Every structure is written in structure tokens, then in C-alpha cells.
Amino acid sequence: MTTVRLPLFPLNTVLFPGLVLPLNVFEERYRAMMRELLKTGEDEPRRFAVVAIRDGREVAPTAPGLPDPTSLPERGPAAGFGPDPLQAFHRVGCIADAATIREREDGSFEVLTTGTTRVRLLSVDSSGPFLVAELEELAEDRGDGAGALADGVLRAFRTYQKRLAGARERSLATAAELPDEPSVVSYLVAAAAVLDVPTKQRLLQAPDTATRLAEELRLLRAESAVIRHLPSLPAVELTRAPTSQN
């Protein structure tokens with residue numbers, strides 16, 4: 001079992017291998033994380049782990065709230081995640097490689113990352129200025145019938161794209177832009193489909209590529225049937241998630 005210890009960035013989104021994720025970093029705990037990452041040499045990867053939040057707040061409260069307007073907001077790296085941060089997060093996440101980290105004049109950061117490797121969350125250390133996690137790297141097993149499933153998913157995904165494009169009369173990607181390697185297909189579709197966080201999380205933690213593709217095939221067919229009657233849904237940019245406001 002290969003384990004790594006990395007800074008931990010919890011978000012209300014799921015990061016997949018190959019997905020581009022922009023971040024707008026303004027909370028002090030995550031600013032501290034970015035300042036630490038900037039100490040890494042430019043020829044070395046600047047890595048941290050992204051996990052989806054199961055129960056907690058992506059942004060900690062900064063002012064007294066209800067029902068007690070005099071109560072003080074939580075402080076520290078685990079603010080908003082309860083007494084045991086490990087229980088607040090989904091256990092499977094993804095390592096993010098920060099291609100660019102730009103500090104703004106106000107001390108916030110503009111960060112562009114790409115997901116690389118799936119990891120399982122083993123423990124969370126909240127003793128420093130930001131959360132740090134012990135993580136187990138997860139291999140991507142192909143599973144049985146992944147190649148045939150990938151072909152079916154690509155066909156279903158093209159139908160889904162056309163449904164999403166709707167009245168705009170344009171597709172989201174041409175056939176030439178779509179990959180054919182089963183694991184890449186599975187992550188691309190999981191990232192690009194308009195699905196809620198629990199569903200995306202289930203796809204991320206699938207035991208193998210074939211299982212993920214089979215679930216995506218079912219979801220795409222169901223979603224295409226629904227949005228067939230909703231032709232003006234907005235288009236989705238492949239491989240890129242909306243900028244996350246930490």
C-alpha cells in the first residue's frame with residue numbers, strides 16, 4: 001500500500017483524474033496552504049488532495065449566526081467540519097497538481113489545478129495552519145468488458161451532448177475530441193455530466209473502470225430521456241469544473 005501525506009482541500013465538488021479545476025482561494029487556512037506550496041521548487045509537483053464534503057461547510061462562518069447572534073464563529077483549519085474532520089468528508093478523493101498559483105494584491109490566490117490520482121482518506125491532522133491528510137493511492141483496475149462499455153458510453157454521451165446543446169444547435173465536443181481509452185472516457189464523462197455530488201462521488205469511488213462505465217451508461221440514458229424535453233439547458237465545458245469559491 002502506497003501512502004502519501006499531503007495538504008487537504010475539502011470542497012463541495014468532486015475532482016476526477018484529468019479534470020481541470022480552477023480555485024479562488026481566500027480563506028486564511030487555504031492561503032497558508034498555497035504559501036506553503038509555493039515553497040516547492042518549480043521543477044517539483046505542487047500537490048494537495050481534494051475531497052468532497054459529506055457533512056460540513058466549504059467556507060467557515062465569519063460572523064455570529066443563528067440561533068445565537070452572539071455566538072463566535074469557529075476558527076482554525078477544521079472550522080465548519082465538526083469535532084472529527086475525518087467524518088465530515090467522503091473517503092475517496094483525488095490528488096490535485098497545481099499548474100499555476102498566483103497571489104493577488106489582497107493576499108488571495110488564483111489557482112489552476114488538474115486531478116491526477118485517486119486516493120483514499122486514512123486520517124486528518126488539524127494541528128497546523130491547514131488540514132493535512134494521510135492518503136492511500138488507489139490503482140485504477142480496468143475490470144471486465146471496459147472496452148465495449150466505453151464504446152457504448154461514448155455513443156450515449158454524444159446523444160446526451162446533443163440533448164444538452166438543445167436549442168443552441170451545437171454539440172459540446174466533436175467526435176475527434178473524445179478519447180477512446182476506457183478509464184479516460186469514464187472520468188471525462190463523470191466530470192462533464194450534469195450530476196449531483198453524491199452521484200459523482202459514487203462514480204469516483206467505483207471499484208474499477210468497467211463498473212464506472214456501466215453506471216454512466218445507465219445514467220446517461222436516463223438523463224437523456226429527461227432533458228429531451230428541456231432543450232434549453234446550458235452547455236457544459238468538458239474537462240473543466242466551475243471555479244470553486246473556497
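Predicted model, so just to flag it, every value in this text is computed and none were measured.
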Checklist outcome for this item: One should read off an interatomic distance between Arg155 CZ and Leu220 CG, to the nearest 0.5 angstrom, of 12.0 Å

Checklist entry - Are the aromatic rings of Phe81 and Phe89 close, with centres under 6.0 Å apart? => result yes

Next on the checklist: What's the separation between atom OG1 in Thr113 and atom CZ in Arg47, rounded to the nearest 0.5 Å?
Outcome noted: 13.0 Å

Item to check | With sequence neighbours excluded, residues passing salt bridge (charged side-chain N to carboxylate O under 4.0 Å, His left out) with Asp141 | outcome: none

Checklist outcome for this item: Heavy-atom nearest pair, Phe130 first then Arg29, reads CB-O, 3.3 Å

Next on the checklist: Test side-chain contact (heavy atoms from CB on, under 4.5 Å) on Arg158 and Gln161; report intermediate values, then the result.
Outcome noted: CA-CA 5 Å; Arg158 291 189 182 101; Gln161 288 179 300; 3.9 Å; yes

Item to check | Smallest separation among heavy atoms of Gly115 and Cys94, with atom names | outcome: CA-SG, 3.8 Å

Next on the checklist: Which heavy atom of Leu204 sits nearest to which heavy atom of Arg118, and what is that distance?
Outcome noted: O-NH1, 2.9 Å

Item to check | Beyond-backbone contact of Val194 with Tyr160, side-chain heavy atoms, under 4.5 angstrom | outcome: yes

Checklist outcome for this item: Applying salt bridge (charged side-chain N to carboxylate O under 4.0 Å, His left out) to Arg104 and not counting sequence neighbours gives none

Checklist entry - Any side-chain heavy atom of Thr116 within less than 4.5 Å of one from Pro17? => result no

Checklist entry - Are Val197 and Leu23 connected in the hydrophobic side-chain network, where two residues link if heavy atoms are under 4.5 Å apart? => result yes

Next on the checklist: Run Glu223 and Leu195 through side-chain contact (heavy atoms from CB on, under 4.5 Å) and show every step you take.
Outcome noted: CA-CA 9 Å; Glu223 291 295 309; Leu195 303 168; 4.3 Å; yes

Checklist entry - Between Ser183 (side chain) and Thr209 (backbone), is there a donor-acceptor pair under 3.5 Å? => result no

Item to check | Partners meeting salt bridge (charged side-chain N to carboxylate O under 4.0 Å, His left out) with Arg221 (sequence neighbours left out) | outcome: none

Checklist outcome for this item: For Arg120, the salt bridge (charged side-chain N to carboxylate O under 4.0 Å, His left out) test, sequence neighbours excluded, returns Glu136

Next on the checklist: With a sphere of 6.0 Å drawn around CG of Asp151, does it hold more than 12 non-hydrogen atoms of other residues, nucleotides or ligands?
Outcome noted: yes

Item to check | Val51, Leu131, Val25 screened by side-chain contact (heavy atoms from CB on, under 4.5 Å) with Phe9, the one that passes | outcome: Val25

Next on the checklist: Once side chain to side chain donor-acceptor pair (under 3.5 Å) is applied, do any residues pair with Thr117, and if so which ones, sequence neighbours excluded?
Outcome noted: none

Item to check | Closest approach of Phe157 to Ala192 (non-hydrogen atoms, all atoms of both residues) | outcome: CZ-CB, 3.8 Å

Checklist outcome for this item: The reported gap from CD in Glu134 to CG in Leu8 (rounded to nearest 0.5 angstrom) is 12.0 Å

Checklist outcome for this item: Here the gap from Glu27 atom CD to Ser108 atom OG, rounded to the nearest 0.5 Å, amounts to 12.0 Å

Next on the checklist: What verdict does the side-chain contact (heavy atoms from CB on, under 4.5 Å) test give for Phe109 and Leu38, after you've listed the backbone C-alpha separation in whole Å, the side-chain angles of each residue and the deciding distance to 0.1 Å?
Outcome noted: CA-CA 11 Å; Phe109 288 87; Leu38 283 173; 3.7 Å; yes

Next on the checklist: Val14 vs His90, test: side-chain contact (heavy atoms from CB on, under 4.5 Å). Steps then yes/no.
Outcome noted: CA-CA 10 Å; Val14 177; His90 287 283; over 6 Å; no

Checklist entry - Do Val184 and Leu19 belong together in a cluster built from hydrophobic side chains that touch within less than 4.5 Å? => result no

Next on the checklist: Could you tell me if Glu140 and Tyr187 have a donor-acceptor pair between their side chains, going purely by distance under 3.5 Å?
Outcome noted: yes

Next on the checklist: Minimum heavy-atom separation for Val111 and Ala98, please, with both atom names.
Outcome noted: CG1-CB, 4.2 Å

Checklist outcome for this item: Closest non-hydrogen atoms of Leu149 and Ala210, given as atom of the first, atom of the second and distance, are CD1-O, 3.4 Å

Next on the checklist: For the backbone of Thr40 and the side chain of Arg46, can you confirm whether one donor and one acceptor N or O come within less than 3.5 Å of each other?
Outcome noted: yes

Checklist entry - With sequence neighbours left out, what residues match Glu215 under side chain to side chain donor-acceptor pair (under 3.5 Å)? => result Arg202, Arg218

Checklist entry - CG/Leu135 to OG1/Thr2 distance, rounded to the nearest 0.5 angstrom? => result 12.0 Å

Next on the checklist: So, taking the atom named CG in Asp144 and the one named CG in Asp208, what distance separates them when rounded to the nearest 0.5 Å?
Outcome noted: 7.5 Å

Checklist entry - Does Arg212 use its side chain to pair, donor to acceptor, with the backbone of Leu203 at less than 3.5 Å? => result yes

Checklist entry - Is Lys39 salt-bridged to Glu44, cutoff N-O under 4.0 Å? => result no

